[in-house]
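Everything numeric in this text was worked out from a predicted model, so none of it was measured.
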Amino acid sequence: MTTAPMPAYAGPSRVFSGMQPTGGLHLGNYLGALVKFVRLQHEHECIYCVVDLHAITIEHDPKALQQQCREVAAAYIAAGVDPKKAIIFVQSAVPAHAELAWIFNCVARMGWLERMTQFKDKAGKNAERMSVGLFDYPVLQAADILAYKATHVPVGEDQKQHLELSRDIAARFNSDYNAPNFFPLPEPLIQGPGARIMSLRDGSKKMSKSDPSDQSRINLTDDADAIANKFKRATTDPLPLPETAEGLKGRPEVENLVGIYAALADLSVDQVLGEWGGKGFGAFKPALADIAAQKLAPIAGEMRRLLVDRTALDEILRDGAARADAISAPMMSQVRDIVGLWRR
Ligand code: TYM
């Protein structure tokens, strides 16, 4: 028996992404994700979330969390996301996320989650003592994306496995409930030289908020002196910069600095090496620090300005949550029907 090919997902293309409000954002968040948020808003319907439900999966300060959400929202806007165009909101203000996550908990399989490397990295030897929420974190992430039937998700490379899980959950829901193409299989948008920014002290570790050394990262709010200092002290080797990308092999710290330069200056790695190949780090590092400061200083300034007027910022987030709810609430009614849950 031959079966007709399944029609592809026919819904609109839509972009969704999010960041955790756990401490300040850094250059990895900026180059891996935020730069893409800004670019995509001109071509697509975009929804950008501050994921506070994810932030409570580990120890957090309840008194600081709301303000940390405002800081991330301010960073989105300061970097160039236009809240009139894109939707900016806080995850816990929209009920669909937690509700869909529960339904997806009953679709995802333990074995799928047990394979998630980010949980293993975060939990280390203490998995038994971690919250169930931390283990379940990628299911909530799938719910974030699919509550809007988002088709494209701009993220850094560290999120690739979570995006694959979102696709698995969407496909499994569609087939378990005999609802072909109800959910799209969301595509990660990862490409570009900023997709994996590494620690300035150790080229084998990604730049991260949780690294105990502040010297390992450039924070979005660092001033020009701090930026210059951190790049000056960044780990390199005694050799000059290579002439070609081939010469970066086996030199992860150098590759990282060249990648950061390329991403900030909107150049290819080859173009950067064309200019800097054969030259020393004594000249390259201050040039890199200058470009970083030029990009980040206006963002930090605008963030400070936005954070002064808390009422205006909260109004933007309220409006964003209402627009997000207007998309996700009708979708959740359909999901409730498909799953056989009680009608509200
Ligand atoms: P979070 O807050 O850890 O990171 C936010 C974004 O920054 C990217 N990123 C990096 N990119 C390049 N180099 C780095 N060193 C680096 N560090 C972080 C991350 O890939 C991410 O794009 N799980 C998500 C939050 C989330 C989400 C979602 C994302 C929750 N629900 C739905 C997309 C869609 C996270 O870890 O964010």
Side-chain angles (χ1 to χ4, degrees), residues 19-35 54-55 57-61 64 68 71-72 75 79 117-126 134 137 155-162 190 192-239 241 248-265 269 272 280-282 284-297 299-300 303:
M19 292 199 190
Q20 294 196 70
T22 35
L25 300 187
H26 54 71
L27 192 62
N29 300 128
Y30 177 67
L31 294 176
L34 200 41
V35 170
H54 280 102
T57 58
I58 53 171
E59 211 177 304
H60 70 286
D61 177 0
Q68 288 171 330
E71 282 167 18
V72 174
T117 53
Q118 201 156 77
F119 176 77
K120 288 184 206 163
D121 291 347
K122 279 196 184 161
K125 294 199 176 75
N126 297 320
L134 188 68
Y137 178 115
V155 281
E157 194 168 294
D158 59 339
Q159 295 303 308
K160 195 165 176 230
Q161 197 187 32
H162 288 170
I190 295 180
R196 190 164 172 76
I197 303 296
M198 310 309 280
S199 154
L200 299 183
R201 307 317 298 272
D202 177 350
S204 69
K205 287 203 291 190
K206 70 169 183 176
M207 187 177 283
S208 154
K209 297 172 219 194
S210 53
D211 193 315
S213 166
D214 194 54
Q215 293 295 321
S216 70
R217 66 185 157 259
I218 305 287
N219 302 304
L220 281 196
T221 48
D222 281 345
D223 62 22
D225 282 349
I227 294 174
N229 233 311
K230 286 177 180 179
F231 278 126
K232 192 169 163 197
R233 296 176 59 186
T235 310
T236 42
D237 53 38
L239 302 172
L241 281 108
L248 292 170
K249 286 212 177 106
R251 299 174 76 188
E253 284 88 5
V254 178
E255 186 174 11
N256 187 38
L257 295 188
V258 171
I260 293 174
Y261 191 111
L264 285 169
V269 165
V272 176
F281 287 99
F284 181 73
K285 283 176 165 181
L288 174 57
D290 277 351
I291 296 190
Q294 268 170 36
K295 283 270 165 171
L296 301 187
I299 299 177
M303 272 178 75

_Ile197 CD1 to Glu157 CD distance, which is reported to the nearest 0.5 Å_ = 11.0 Å
*Do Thr22 and Gln68 get their side chains close enough for a donor-acceptor pair, meaning under 3.5 Å?*
no
*Among all residues two or more places apart in sequence or in another chain, which pass the salt bridge (Lys or Arg N to Asp or Glu O under 4.0 Å) test with Lys249?*
Glu246
*For Phe119, what residues pass the ring-ring contact (aromatic ring centres under 6.0 Å, His included) criterion, not counting sequence neighbours?*
Phe135
_Any pair counted as salt bridge (charged side-chain N to carboxylate O under 4.0 Å, His left out), so long as it reaches residues 194-205, sequence neighbours left out_ = Lys205-Asp211
*Which residues satisfy the salt bridge (Lys or Arg N to Asp or Glu O under 4.0 Å) test with Arg251, sequence neighbours excluded?*
Asp237
*Mind checking whether Leu264 and Leu27 have side chains closer than 4.5 Å, heavy atoms only?*
yes
*Less than 4.5 Å apart, any side-chain heavy atom of Ile260 and any of Leu200?*
yes
*Quick one: side-chain hydrogen bond (donor to acceptor under 3.5 Å, both in side chains) partners of Asp222, sequence neighbours excluded?*
Asn219, Lys230
_From CZ (Phe231) to CD1 (Ile291), nearest 0.5 Å_ = 9.5 Å
*Who are the ring-ring contact (aromatic ring centres under 6.0 Å, His included) partners of Tyr137, not counting sequence neighbours?*
His54, His162
*Judged by atom type as modelled, is there a donor-acceptor pair below 3.5 Å linking the side chain of Lys122 to the main-chain atoms of Ile58?*
no
